[in-house]
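If you read the sequence from its start, that first residue is 1, and numbering goes on from there. Computed from heavy atoms alone, side chains included, the values below leave out hydrogens, waters and symmetry copies.
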Amino acid sequence: MNLFKRAWWRLTGAPGKTLMLVGLFFVICTLVLSGFLIQSAAARAADSAKKSVGAVATMQLDVNGLLASGKNNGSEGHGQIPGTIGSAGDLQRDLVDKICTSSVVADCNYTADGAAFPTGTTKLYQPVPAPAGQDTTGTDLFKVDGVRKLNEVSAFRNGDSKMIAGKGIGPDTEKDEIVVEERVAEDNKLRIGDKVKLKIGELMPGVDKSEHAFKVIGIYKNTMADTGQYVPAMMDPANQVYTNIEGASLLGGKTTDGGGTLKSATFKLNDPHDLEQLKEDAKKAGADLQIFPISVNDKQYKTLVGPITRTASFATVTVWLVAVAGTIILALIVASHLRERRGELGILLSLGEKKPKLLGQHLIEVVACSVIAIGLAGVGSQFISGAIGNKLLAGEVDSAKKEAENENLQPDHSDPSGMSKQGDDRPAVDPIDSLDVHLGPADIAKVGATGLGIATLATLVPGARILRLNPRDILTKGD
């Protein structure tokens, strides 16, 4: 008799057992397919995040690297302040501009920092004077930031500051042009085009104490209101001055050779894997990567995809656990069914039926149940995977936000004193908090292959005993 007919009669003749197999396969295939769908959605989200934020490589002075190279003692500082670090520790703008031409760099930016003492014609904004007897010599300064593009400074991107007159700092800004805050402009009665005089903000011996003239090209407003209490001038947002790299280097007492001295430079890459190529291009441009290492800051990318990646990893583990557990459970059920059908098997063998065909009949029965279950799983898993995935993802997002709130800022290695901190100067981003689940042919193919593989293993492993028995043994042995 045809083994397909026998399989059909068996399935229709024992509907309870058939429904049990279909139900078990449905649960297994639904969980497995949901895991595959979560993995696919996570991969699409990660790829989209990578394209949207890319990666940022940072280049800045590593004091330990400079000391290890020995170049700090072998070169003499040639800026306004002959210091112990020397010119080997100066990251020059001209060098960075060469690196910015690399084919893997989508955009670049850099900053410099400095300070400036007020003069007889330019005074600080101090609504509350310092307490009597307090020495404020080291804090009564303007804070000077040298930037390439003022509109990329975090305070202007997030709305804490905005231009109200004139123009901001750009690549074409001259070294004697500055942008000042509205309160400083009002106190000093400054307008666009006026000249202000500032002194280099350093107290070390040998510093040029002459006044340097700057032209006001812009006035901005900072939204932080006065506290009504004494605040050191340099910490008051009103005393923040912006200029270009050369202007900040001059007021910081650093060399203006090579376009000025930078604090750090950032390079936006389309892909974190482009880091090695960027390093090669930097070496060709003349950079010493021991002194000025380049590292990728993929904090935004990790923030975006961190929770969804962990959710996908959990889904992967779930797929494996369900597949292994499902195979074991089905194998036990098939073994139990074979034990119940020993008499049927012995009769068929005694009538001349071949053992592989008997095993094939059982395989057809199990595979038929799995095919039905796979079809049903394809209908329901898209909704189930979306609900389960978003629930798991919500927990991971909460954990990621708590980690971000508790994260300490890392020390700024470009600051020899080690006192300052650095953070990511790019806009804060929220983690991806939803899954875009789509059921495609590839997902159906994967769950189909998995389901059929489970059915085959669960049938062949216990069914292998049939090949080792003869009709007499099957009919005479009780169990």
Side chain to side chain contact (heavy atoms under 4.5 Å, CB included) partners of Leu141, counting only residues at least two apart: Ala115, Phe117, Met234

Side-chain heavy atoms of Leu289 within contact of Lys283, under 4.5 Å: yes

Set of salt bridge (Lys or Arg N to Asp or Glu O under 4.0 Å) partners for Asp113, sequence neighbours left out: Lys254

Side-chain heavy atoms of Val196 within contact of Val216, under 4.5 Å: yes

Nearest atoms (heavy-atom pairs only) where Gln126 meets Asp140: NE2-OD1, 3.2 Å

Side-chain heavy-atom pair Ile200, His212 within 4.5 angstrom cut-off: yes

Minimum-distance pair of heavy atoms, taken over all atoms of Glu174 and Glu177: N-OE1, 3.1 Å

Side chains of Glu181 and Asn222, donor plus acceptor under 3.5 Å: no

Which atom of Leu251 lies closest to which atom of Lys199, heavy atoms considered: CD2-O, 4.1 Å

Pairs touching residues 213-229 that satisfy salt bridge (charged side-chain N to carboxylate O under 4.0 Å, His left out), sequence neighbours left out: Arg183-Asp226

pair Val147-Glu152: side-chain heavy atoms closer than 4.5 Å: no

Pairwise side-chain contact, Ile217 with Ile178, heavy-atom cut-off 4.5 Å (strictly under): no

Side-chain heavy atoms of Thr111 within contact of Leu262, under 4.5 Å: no

Worked check of side chain to side chain contact (heavy atoms under 4.5 Å, CB included) between Gln240 and Asp145: CA-CA 8 Å; Gln240 172 73 63; Asp145 281 353; 3.4 Å; yes

Ser249 side chain to Thr261 backbone, donor-acceptor under 3.5 Å: yes

Sub-4.5 Å side-chain heavy-atom contact between Val179 and Ile219: no

ring-ring contact (aromatic ring centres under 6.0 Å, His included) partner of Tyr242, the single match among Phe156, Phe142, Phe214: Phe156

Flag side-chain contact, heavy atom, 4.5 Å: Phe267 against Cys100: yes

Lys197 side, atom NZ; Ser210 side, atom OG - distance, nearest 0.5 Å: 10.5 Å

For the student: nearest non-hydrogen atoms of Thr139 and Pro232, plus distance: CB-CB, 4.0 Å

Side-chain donor-acceptor contact under 3.5 Å, Asn188 with Tyr125: no

Closest non-hydrogen atom pair, Gln134 against Tyr230: NE2-CE2, 3.6 Å

Met163 vs Leu150, side chain to side chain contact (heavy atoms under 4.5 Å, CB included): CA-CA, chis, key distance, verdict: CA-CA 10 Å; Met163 295 296 300; Leu150 186 60; 3.8 Å; yes

Main-chain N/O of Arg191 paired with Asp194 side-chain donor or acceptor, under 3.5 Å: yes

Donor-acceptor side-chain pairing of Gln290 and Asp62 below 3.5 angstrom: no

Considering all heavy atoms, the nearest Pro237-Tyr220 contact: O-OH, 3.5 Å

Lys162, NZ: over 12 other non-hydrogen atoms inside 6.0 angstrom: no

Salt-bridge present (Lys279, Asp281; N to O < 4.0 Å): no

From Thr173 atom OG1 to Lys149 atom NZ, the distance as rounded to the nearest 0.5 Å: 12.0 Å

Exercise: do Ser154 and Asn158 side chains pair donor with acceptor under 3.5 Å: no

